[in-house]
Every structure is written in C-alpha cells, then in structure tokens.
Amino acid sequence: MSGKERFEVVYRQTHSMGLHEETVFVDKETGVNYLFVQNGYAGGLTPLLDAGGKPVVTGKASGDGRRDAK
C-alpha cells in the first residue's frame, strides 16, 4: 500500500479527562481488528478475539461488516 494509511481507527473512547483511551484499529490489508489501550504513559495492543478465540476480521463487501477469519 504505497502512500496510503494501512490502519483505520473505527472506534475511540476516552475516560478520565483523556488519561485513559481505548481505540480499535482495523488493518486495511488483512481486516484484523486490534484494541489499543492507553493509560497515562502506558499502553498495550492486542488483536480482538471472538467468543471462539479467533481474530475478529472486518470485511469490506459483507452486509454486516464482518467476514469469517481464515
């Protein structure tokens, strides 16, 4: 992906006057959703998982915005 942003922010929630933030990113190449949590100067990133333990994958063409992880 030359010259284009690879990740898209699809959700953001801020708490405690901006000191705590939760952001969901989608990788535009793979469709995998990631959760980034920042609390002050600390933070962590993890893939979002469904109830079966598989990564949540967002599709572009499906009606509900999701497709099965392969």
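Two residues are said to be in side-chain contact when any heavy atoms from C-beta on lie closer than 4.5 Å; L48 and V24 meet this criterion.
For L45, the side-chain contact (heavy atoms from CB on, under 4.5 Å) test picks out Y34, F36, with sequence neighbours left out. In this structure, the side chain to side chain donor-acceptor pair (under 3.5 Å) partners of E21, at least two apart in sequence or on a different chain, are R12, T14, T23. The side chain to side chain donor-acceptor pair (under 3.5 Å) search around Y11 returns Q13, not counting sequence neighbours.
Counting only distance, with no hydrogens or angles, the side chain of D27 and the backbone of G31 share no donor-acceptor pair below 3.5 Å. Using a distance-only test at 3.5 Å, with no hydrogens or angles considered, no donor-acceptor pair links the side chain of N39 to the main chain of V37.
In this structure, OG1 in T58 is found 3.5 Å from CG in N33, a value given to the nearest 0.5 Å.
The aromatic rings of H20 and H15 sit tilted relative to each other, their planes meeting at an angle between 30° and 60°.
Closest approach of V56 to L49, counting heavy atoms only: CG2-C, 3.8 Å.
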